[in-house]
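Following: one structure in C-alpha cells, then a few remarks.
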Protein chains: 2
Amino acid sequence: MNNNDTLKDAGLKVTHPRSEILDILQANPDMHLSADEIHNKLVANNQSIGLATVYRVLTQLEVAGLIQKNQFSDNQSSYEIKKQHHDHLICIKCGKIIEFMNDDLEQLQEKISKDYNFRLNSHVMTLFGECSDDKCAGKK
Amino acid sequence: MNNNDTLKDAGLKVTHPRSEILDILQANPDMHLSADEIHNKLVANNQSIGLATVYRVLTQLEVAGLIQKNQFSDNQSSYEIKKQHHDHLICIKCGKIIEFMNDDLEQLQEKISKDYNFRLNSHVMTLFGECSDDKCAGKK
DNA sequence: TTCCTTGCAAACGTTTTGCATCGGT
DNA sequence: ACCGATGCAAAACGTTTGCAAGGAA
C-alpha cells in the first residue's frame, strides 16, 4: 500500500504536502524528526512547503494514528512513523535513540495503575543513559 | 534546617527571591507548579519578584539538586521540591498527579539498560489514565 | 464548483537574555 | 565596595492561527 492509499484510508484528502511528509517519515522509520527537520528535508528536496503546513499536517497524521509524536526532554517535539508500541532509550552523550519493547514493563504498568485505581490509557517511558558506541560523545 | 541554610549549603547566596521560591515549593511538596503559578503565588503574597527571576532561580535550584523539573505532556514545565525518587501517574481528565515508587520498575529499567549496553543515568516514566475520583472530570 | 488545504505573515505562550540597578556578604 | 543577583523590557523559540489564494474531488 502506498502513501496515498494510506492517507485515503485515514480519511484524509491526498495532497502534495501530506504525501511528501508521510514519505519522509516512512523512509526514515528509525528516526525521530522534529517539525523543523522535516521541513528542512522538504526544502532540500526542492519542495516549497511552509513550516506551518508541516505542523498542521503532522497534527493531522497524528490524530489519524499514522504517526507518533514524542516529547523527550528537549523543548521540541519529534515525530516517527507509527510502528508497534515501544519505548525509548536515549544516549545523553550522542543523542542516539534506541527503541525497545518489554512485556514485563507493560504488565508492571498495568499493575501499578490498578493499584491506584487508574484505568491506564497511555504512558511515556524514556531511559536516559550513556551508550557504549565507540563513536559516541560526538554530535548533538 | 531552614531554607536559608539549605541555600547556603548548596553554595547559593541567600537572596529574597531564592528564599521565597524555595519556601513555596517546600510548603507544597505534593504540588507540581509551573513557573507562572509560582510567580502568581509570589504576587499573591505581595512579593514583587519578576517572572524572569523565577525562571532563573528555578534553574539554579534544579542544578543545585534542591528541586526537580518535570516536563509532562503540556508545553509547560513544572517543578516540585526534591523528595526521594518517584514516578508519576496523571489523570487525563482532572489533571490529578499521583507520585509512586516501584522497586520492580526500577530494577527492570536497570535490566533493560544493561541489555542494550547503556549505563542508565535517569528516566522518565509517566502513566496517563483515568482516576476513580468521584469528583473527577472537573477542572483542567 | 465546492470545500478543504495551503502559504505567508502575524500572533501566541513559554522561556531566555541584555542591561542598568540593586543588594548580600 | 565588590560582584553576583534582580527587575524590566525586549528577544528568542517552537508552535498556532487568520486570511486570501490555490487545489483535489
Side-chain angles (χ1 to χ4, degrees), chain A residues 2-24 32-43 45-64 66-79 140, chain B residues 2-24 32-43 45-64 66-79 140:
Chain A
N2 68 28
N3 287 344
N4 293 355
D5 289 339
T6 305
L7 286 169
K8 265 181 215 154
D9 289 357
L12 292 170
K13 196 182 286 184
V14 177
T15 64
H16 184 228
R18 286 175 184 162
S19 192
E20 288 294 329
I21 291 171
L22 195 50
D23 258 356
I24 287 177
H32 300 74
L33 299 167
S34 67
D36 200 57
E37 288 170 332
I38 291 169
H39 183 241
N40 287 341
K41 279 181 183 288
L42 290 168
V43 171
N45 291 4
N46 293 312
Q47 309 291 340
S48 62
I49 294 174
L51 180 57
T53 300
V54 173
Y55 276 105
R56 273 186 287 231
V57 168
L58 286 172
T59 301
Q60 294 157 354
L61 297 181
E62 194 207 357
V63 170
L66 302 181
I67 66 175
Q68 183 182 321
K69 180 179 185 175
N70 297 112
Q71 170 104 47
F72 298 131
S73 49
D74 355 34
N75 30 323
Q76 208 173 188
S77 297
S78 67
Y79 299 82
K140 198 183 179 185
Chain B
N2 69 27
N3 287 344
N4 294 355
D5 290 338
T6 305
L7 286 169
K8 265 181 215 155
D9 290 356
L12 292 171
K13 197 182 284 185
V14 177
T15 64
H16 185 231
R18 287 176 183 161
S19 193
E20 288 294 329
I21 292 171
L22 195 50
D23 258 355
I24 287 177
H32 299 75
L33 301 167
S34 67
D36 200 56
E37 287 169 333
I38 291 169
H39 183 240
N40 288 341
K41 279 181 182 288
L42 290 168
V43 170
N45 291 3
N46 293 312
Q47 309 291 339
S48 61
I49 294 175
L51 179 56
T53 299
V54 174
Y55 276 105
R56 274 186 287 232
V57 168
L58 286 171
T59 302
Q60 294 156 355
L61 296 181
E62 194 207 358
V63 170
L66 302 180
I67 66 175
Q68 182 183 322
K69 180 179 185 176
N70 297 112
Q71 170 103 47
F72 297 131
S73 49
D74 355 34
N75 31 323
Q76 211 173 187
S77 296
S78 67
Y79 299 82
K140 206 199 167 168

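A quick note: this is a predicted structure, and the numbers were derived from the prediction, not measured. Lettering of chains follows the sequences in order, A, B, ..., and the numbering in each one begins at 1.
Atom CG of L42(A) and atom P of dG7(C) are 9 Å apart (whole Å). In this structure, H39(B) atom NE2 and dC8(D) atom P are separated by 8 Å, rounded to whole Å. The separation between I21(B) atom CD1 and dG7(D) atom C1' is 13 Å, rounded to whole Å. The CG atom of L7(A) sits 10 Å away from the P atom of dT6(C) (whole-angstrom rounding). Per the geometry, CD belonging to Q60(A) stands 12 Å off P belonging to dC4(C), to the nearest Å. N4(A) places its CG atom 15 Å from the P atom of dT5(C), with the value rounded to the nearest Å. Summarising the geometry, the separation between CD on E20(A) and P on dT5(C) is reported as 17 Å, rounded to the nearest angstrom. Going from atom CG of N75(B) over to atom C1' of dC12(C) covers 11 Å, rounded to whole Å.
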Could you pull out the protein-nucleic contacts involving nucleotides 16-21 of chain C (nitrogen or oxygen on both sides, under 3.5 Å)?
residue: dG18(C); atom: O6; partner: R56(B); partner atom: NH1; Å: 3.3

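Without hydrogens or angle criteria, T53(A) side chain to I49(A) main chain gives no donor-acceptor distance under 3.5 Å. A donor-acceptor contact shorter than 3.5 Å is absent between the side chain of E20(A) and the backbone of P17(A).
The two residues I24(A) and L42(A) come nearest to each other via the heavy atoms CD1-CD2, 3.6 Å. Residues S19(B) and L7(B) share a closest heavy-atom pair of N-CD1, 3.9 Å. Summarising the geometry of S73(A) relative to Q71(B), their closest heavy-atom pair is O-OE1, 4.3 Å, with the distance given to 0.1 Å. Nearest approach of A35(B) to L51(B), heavy atoms of both residues: O-CD1, 4.0 Å. Taking each heavy atom of I67(B) and E62(B) in turn, the nearest pair found is CG1-N, 3.6 Å. When every heavy atom of K13(A) is checked against every heavy atom of R18(A), the shortest pair comes out as O-NH1, 2.8 Å.
Remark on the helix from dT1(C)-dA25(D) to dT25(C)-dA1(D): inter-end axis angle 30°, axes from five-pair C1' superpositions, rounded to 10°.
When only modelled atom types and interatomic distance are considered, N70(A) and S77(A) share no side-chain donor-acceptor pair under 3.5 Å.
Scanning residues 11-19 of chain B for heavy-atom distances under 4.0 Å to DNA chain D yields K13(B), T15(B), P17(B), R18(B).
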Next item on the list: Step by step, work out the side chain to side chain contact (heavy atoms under 4.5 Å, CB included) result for L33(B) and Y79(B).
Entry: CA-CA 5 Å; L33(B) 301 167; Y79(B) 299 82; 5.7 Å; no
Check: Yes or no on side chain to side chain contact (heavy atoms under 4.5 Å, CB included) for T15(B) and V57(B), after CA distance, side-chain angles and deciding distance?
Finding: CA-CA 10 Å; T15(B) 64; V57(B) 168; 5.7 Å; no
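Close to dT14(C), at under 4.0 Å from its OP1 or OP2, lies no side-chain N or O of S34(B).
Between S48(B) and Q76(A), the one whose closest nucleotide on DNA chain D sits nearer the 5' end is S48(B).
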